[in-house]
There are 2 protein chains.
Amino acid sequence: MTMSQTGGRRRPPTIHDVAREAGVSRGTVSRVLNGGHYVSPAAQEAVNAAIRRTGYVVNRHARSLITGRSDSVGFLLTEPQERFFEDPNFNVLLRGCTQALAAHDIPLLLMLAGTEDERRRITRYITAGHVDGVLLVSSHSGDPVAEELREAGVPLVACGKPIGLGSKVSYVAADDRDGARDMVRHLLSLGRRRIGVVTGPLDTPGGVERLAGYREVLAEAGIAADERLVVSGDYSRASGEAGAERLLAQAPDMDAVFVASDLMAQGVLAALHRAGRRVPEDIAVGGFDDSPAATAATPELTTIRQPWDRISNEMVRVLLAQIGGEDPAAVILPTELVRRAST
Amino acid sequence: MTMSQTGGRRRPPTIHDVAREAGVSRGTVSRVLNGGHYVSPAAQEAVNAAIRRTGYVVNRHARSLITGRSDSVGFLLTEPQERFFEDPNFNVLLRGCTQALAAHDIPLLLMLAGTEDERRRITRYITAGHVDGVLLVSSHSGDPVAEELREAGVPLVACGKPIGLGSKVSYVAADDRDGARDMVRHLLSLGRRRIGVVTGPLDTPGGVERLAGYREVLAEAGIAADERLVVSGDYSRASGEAGAERLLAQAPDMDAVFVASDLMAQGVLAALHRAGRRVPEDIAVGGFDDSPAATAATPELTTIRQPWDRISNEMVRVLLAQIGGEDPAAVILPTELVRRAST
DNA sequence: TTCTCTACTGTGAACGCTCACAGAAGCATG
DNA sequence: CATGCTTCTGTGAGCGTTCACAGTAGAGAA
């Protein structure tokens with residue numbers, strides 16, 4: 001009976017074992033592992049065969065120790081916890097980033113910085129070089145973590161344009177303003193003229209930009225701004241519900257409403273239902289995100305699709321480029337109107 | 001002008017720098033770092049001061065290289081992707097685990113093993129010792145990854161009782177059967193006698209156990225089993241909708257239905273609404289999970305709360321214990337009936 | 001005193017890898 | 001034949017830490 005069968009973890013093969021097995025030196029094995037430049041085809045083949053036979057897997061700690069890279073990146077969430085819970089976009093983004101990184105064999109470390117304590121610990125961890133870069137999800141302005149990381153020179157890509165930071169930080173975002181414009185134009189095309197809006201938080205770029213798009217299109221259509229048609233929420237379902245009630249009270253003649261997130265739109269639908277307004281006959285409702293909430297709603301929501309798969313891919317691409325020494329970059333991706341039953 | 005201000009990342013201080021600064025040896029600094037045994041109070045203090053002054057953070061790669069531990073754990077998801085998207089429980093679990101680990105200063109690596117390729121890569125990664133242990137979310141039976149990890153002797157804690165695996169694997173689960181019993185008893189106490197059930201997938205422990213609880217309570221109440229009242233779903237909203245339609249067709253006199261997840265219950269509510277049945281007047285609906293979907297539903301769902309915060313804490317506790325050499329353990333946590341408007 | 005024990009401290013030697021360098025072999029050029 | 005260039009290979013050093021071990025000092029017991 002051998003140790004190897006008992007579940008006790010035996011010592012894994014090292015680069016040395018592979019070298020011996022292949023009849024070459026450590027250096028040659030290392031070269032094969034790192035791209036295979038300056039390696040003869042014969043050696044190349046021998047090493048690969050030896051790797052297969054021994055089941056060798058590189059020890060990343062040893063590698064990191066000398067290269068100074070960790071070959072891992074952090075996915076940092078500085079939002080308060082509720083948002084993480086409620087927002088279905090996080091799931092999609094997180095999954096997309098994990099997969100995009102996996103394609104490069106780079107693990108993703110999930111980091112939650114809700115409390116001040118966690119913030120400190122995580123900043124310390126990151127600036128100590130334990131990750132090569134950070135994917136940042138924090139749309140609220142004045143985020144101290146982001147600022148610290150930027151100053152420490154940590155490669156950083158934000159999801160959504162960070163408001164507070166200087167222009168030297170990379171970000172990837174959907175074209176919020178254009179998406180909002182599409183939706184409002186769509187509502188106009190249906191003949192609606194008293195179009196309300198429930199905005200997102202106005203200290204987030206999404207909140208600001210979507211509202212701007214709304215205002216622009218109405219202005220272009222020659223419709224006078226009416227502040228009774230504008231209320232703001234915080235992306236939560238409950239705030240959508242409250243917002244709709246306020247709108248109904250302030251502007252009972254409203255015939256459409258653009259809601260800056262699907263989740264809030266769910267709340268709006270509930271409030272309209274309670275108020276006896278039919279959707280879309282009396283009031284058309286447009287959402288934003290095309291999250292699962294959009295199809296879960298009754299009626300199903302017309303909404304603006306954010307290209308989350310592309311966003312996550314781009315975030316990873318830009319981050320890796322930056323780790324590789326390139327300059328920060330901003331990427332803006334187009335959105336798409338998805339027509340469903342609510343308009 | 002010094003390098004340190006330019007954002008170029010300078011070489012971080014090592015244990016050597018701290019030792020020099022504190023006037024002691026590497027060994028003493030190392031001892032302070034690892035619990036402070038056999039260190040004089042004076043040295044202890046000097047080292048801590050030096051650490052503060054230099055901003056020293058331990059290089060985990062160097063440490064891991066020699067200890068053989070990675071001081072990180074994987075959070076492995078082997079479910080197909082849809083579940084990850086739809087199921088709000090994942091968010092809560094993931095967040096809870098991340099935080100519980102953070103308290104021990106252990107980062108969480110998120111790993112998605114959807115495709116065969118990813119599965120192979122991740123198994124390789126884990127068995128190579130790049131994580132000390134794995135938190136496994138994979139309730140479906142016959143999961144090859146879990147089996148491989150178990151055989152490789154990787155510390156492992158599953159969320160929910162793994163069906164296929166032997167008894168040697170740790171798991172933490174809510175008491176599904178007992179929760180189901182509570183719900184069905186609750187429905188009985190309301191005077192309902194024709195109680196239907198939409199089960200979860202029957203190759204998952206949750207699916208099986210919740211159905212078992214349902215059957216037990218009805219049997220104990222002397223109510224004959226009626227297979228027209230039993231349909232099964234896959235935890236998705238759509239399957240709840242389909243299930244409810246089937247139930248209404250097979251057993252039009254149904255006066256209550258126990259649904260094995262809140263998400264499915266949302267679907268059930270939609271189907272009942274379409275069929276003109278009032279909830280709870282005509283048909284009482286009970287869910288399971290107490291996810292955000294429960295309060296998002298109209299009417300709000302009576303449901304069974306799973307103690308997700310405790311589950312994640314226990315998973316981490318059991319995993320760390322196992323990494324520390326303890327034997328596998330099973331933990332079953334009680335659920336709680338949450339009464340809302342749907343019953 | 002002398003010995004033993006405990007509390008504490010310093011010093012190589014690893015851990016497994018990459019990197020810089022030196023050197024060998026092959027080939028073309030002067 | 002020497003010289004240079006390119007391609008390939010092996011070797012030693014060192015990354016920052018922990019661990020085993022040797023050693024010191026002081027207290028208490030013989």
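On a predicted model such as this, the values are computed, not experimentally measured, just so you know. Just so we're on the same page: letters track the sequence lines, and every chain starts at 1.
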(request) Looking at every strand, decide which applies to A:Arg26 at a 4.0 Å heavy-atom threshold: base, sugar-phosphate, or nothing. (result) base
(message) Under the side chain to side chain contact (heavy atoms under 4.5 Å, CB included) test against A:Leu109, which residue among A:Val134, A:Val131, A:Val73 passes?
(response) A:Val131
(message) Applying the side chain to side chain contact (heavy atoms under 4.5 Å, CB included) criterion to B:Val18, which one of B:Val58, B:Val32, B:Ile51, B:Leu33 satisfies it?
(response) B:Ile51
(request) For residues 12-36 of chain B, pull every pair meeting ring pair (Phe, Tyr, Trp, His ring centres under 6.0 Å), keeping only residues two or more places apart or in separate chains. (result) none
(message) Return whichever of A:Ile66 or B:Ile66 has its heavy-atom-nearest nucleotide of DNA chain C closer to the 5' end.
(response) B:Ile66
(request) Of all the heavy-atom pairs spanning B:Ala46 and B:Ala22, show the shortest one and how long it is. (result) O-CB, 3.6 Å
(request) Write down the atom of A:Ile106, the atom of A:Asp71, and the distance for their closest heavy-atom approach. (result) CG2-O, 3.7 Å
(request) Look at the side chain of A:Asp105 and the backbone N and O of A:Ala102, then say whether any donor-acceptor pair between them is shorter than 3.5 Å. (result) no
Atom [atom1] of [X] to atom [atom2] of [N]: distance rounded to whole Å?
X: A:Ile15; N: D:dG14; atom1: CD1; atom2: P; value: 19 Å
X: B:Tyr56; N: D:dG16; atom1: OH; atom2: C1'; value: 7 Å
X: A:Arg63; N: D:dG16; atom1: CZ; atom2: C1'; value: 18 Å
X: B:Asp17; N: D:dG16; atom1: CG; atom2: P; value: 9 Å
X: A:His61; N: D:dG16; atom1: NE2; atom2: C1'; value: 14 Å

(message) I'd like to know if A:Glu147 and A:Arg150 make a salt bridge, using a cut-off of under 4.0 Å between side-chain N and carboxylate O.
(response) yes
(request) State whether A:Glu314 and A:Arg317 are salt-bridged, where the test is any N-O pair (Lys NZ or Arg NE/NH1/NH2 against Asp/Glu carboxylate O) under 4.0 Å. (result) yes
(message) At a heavy-atom distance below 4.0 Å, which nucleotide of DNA chain C is the first touched by chain A, and which is the last?
(response) C:dG16 to C:dT18
(message) Contact list please: residues 27-47 of chain A against DNA chain D, heavy atoms, distance less than 4.0 Å, in numerical order.
(response) A:Gly27, A:Thr28, A:Arg31, A:Tyr38, A:Val39, A:Ser40, A:Ala43
